[in-house]
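The structure appears below as structure tokens.
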Amino acid sequence: MVVSLGCESNSSSSMNSGMIVTGKVGEILIVCEQGIWDSPLQEVLDSSLTQWILPYLPDVATFTLTHKTESHFTQGVKRYRNTLFINIDPNYKGKLGSIVKRKDVWAKDQLVIDITGKDFNQVLETCRMGLDEVHDEFDEIEWKRLINSFSRSKTKRITDDIKSNFGIDLVLPSNAKIVTKRTNFYRVEFPPASRPIEFVGTNSQDAGEIFSGLLIYQYDYTDSTQFEFKNLLSARDTMLKYNVPYEVEGMYMGTQYSDFVYPEGNNITAANGILKGYEMRGMFMFTGLPKHATGGAFWAFHFVNEKTKKLVCLSGYVDAPPTTSWTHPLREIQAILRSVEVAK
């Protein structure tokens, strides 16, 4: 059995009127009747749509799910960025269930996906066979949406500086600033963000400050062995040791090599569909002395700038309390990495 995801033409501008999407980054709204939501289908949705971004600790999910019935949805705001309708239609005649995506329905950059079957069993089987592809559709538009948002930020002075030194174009959030500037190494700091921290068992919240930024470094590219995993990690640790000191003298940013959070990587292509490279995710910590220090998550992209013959690495980092969600800041890092292009 094969379930394919179809695509309807984009909705007319009269429907969305240029409205901005609502809802949280990393959230999918499921619209279906309560009986469907309370059925075994919920477990299928959970396992397929809330995939883990490894190897972070605490766990970071690609998405969380929230639910509304169709009547509740109809009476309220319809501009949720990621919306999945699950419908049972006795008049549906297809031998297989249907999965159709629609863009810009009630808001610009909104993605709506409809799953339809003639009965519960057909809907359930359609979800089992097709939700991985649905996840990938929501995943891709999530970082593309952030690229579009950052492309409107007023960061030309900084991006021009980066372009001049590294020969690359990329997007950055508003109010980003360069805090370390060396020939082959820049550190860009993003404005601190506050997200609510949930205190388990107390039903109370507090603002958890999240610090994030981007490390950009380069070195001469000589041959393909430099892209071997151990060599990328070795170059990373050397660059961090000499360029990212901690507030305690003698300490610096390093990579965590615990079995639970050992770095992982894979090949990717940037958003332009041309630039190919190697993506790496892991945890960092401040090291150098036998003292406890803070740490967090990193997400990096390595590639060769064919014009400068340099191996370039963009490594985003997030330092946040473990009691608050890291999904949004890590998604922002992902979008920045995917936005990079070799300057023309």
Quick one: side chains of residues 309-322, donor-acceptor pairs under 3.5 Å with protein atoms, not counting sequence neighbours, listed by atom name and distance.
unit_1, atom_1, unit_2, atom_2, d
Lys309, NZ, Glu306, O, 3.2
Lys309, NZ, Glu306, OE1, 3.4
Lys310, NZ, Asp220, OD1, 2.6
Ser315, OG, Arg236, NH1, 2.8
Tyr317, OH, Arg187, NH1, 2.9

| request: Please check if Val261 and Val60 belong to a single hydrophobic cluster, counting links between Ile, Leu, Val, Met, Phe, Trp and Tyr side chain heavy atoms closer than 4.5 Å. | output: yes

| request: Evaluate the ring planes of Trp106 and Phe73, with Trp represented by its six-membered ring, and classify them as parallel (under 30°), tilted (30 to 60°) or perpendicular (over 60°). | output: perpendicular

| task | Answer yes when Lys103 and Asp109 have at least one side-chain N-carboxylate O distance shorter than 4.0 Å, and no when they do not. | result | no

| Beyond-backbone contact of Met19 with Gln110, side-chain heavy atoms, under 4.5 angstrom | no

| Got a salt bridge between Lys108 and Asp104, using NZ or NE/NH1/NH2 to carboxylate O under 4.0 Å? | no

| Would you call Asp139 and Arg331 a salt bridge, taking side-chain N to carboxylate O under 4.0 Å as the test? | yes

| request: Would you indicate whether the side-chain heavy atoms of Leu240 and Phe286 approach each other to under 4.5 Å? | output: no

| query | Is Arg338 paired with Glu140 through a side-chain N to carboxylate O contact shorter than 4.0 Å? | reply | no

| task | Take Ile30 and Ile86 through the test side chain to side chain contact (heavy atoms under 4.5 Å, CB included) and record every step on the way to the result. | result | CA-CA 7 Å; Ile30 311 294; Ile86 300 177; 3.9 Å; yes

Could you give the side-chain donor-acceptor pairs of residues 163-175 under 3.5 Å, partners two or more places apart or in another chain?
unit_1, atom_1, unit_2, atom_2, d
Asn165, ND2, Thr183, O, 2.8
Ser174, OG, Ser153, OG, 3.2

| message | For Arg81 and Leu29: C-alpha separation, side-chain torsions, deciding distance, then whether side chain to side chain contact (heavy atoms under 4.5 Å, CB included) applies. | response | CA-CA 8 Å; Arg81 63 185 63 229; Leu29 174 65; over 6 Å; no

| said: In the structure I gave you, are the side-chain heavy atoms of Pro55 and Glu264 within less than 4.5 Å of one another anywhere? | reply: yes

| Test item: Lys177 and Val188 side chains (from C-beta on) under 4.5 Å apart, heavy atoms | no

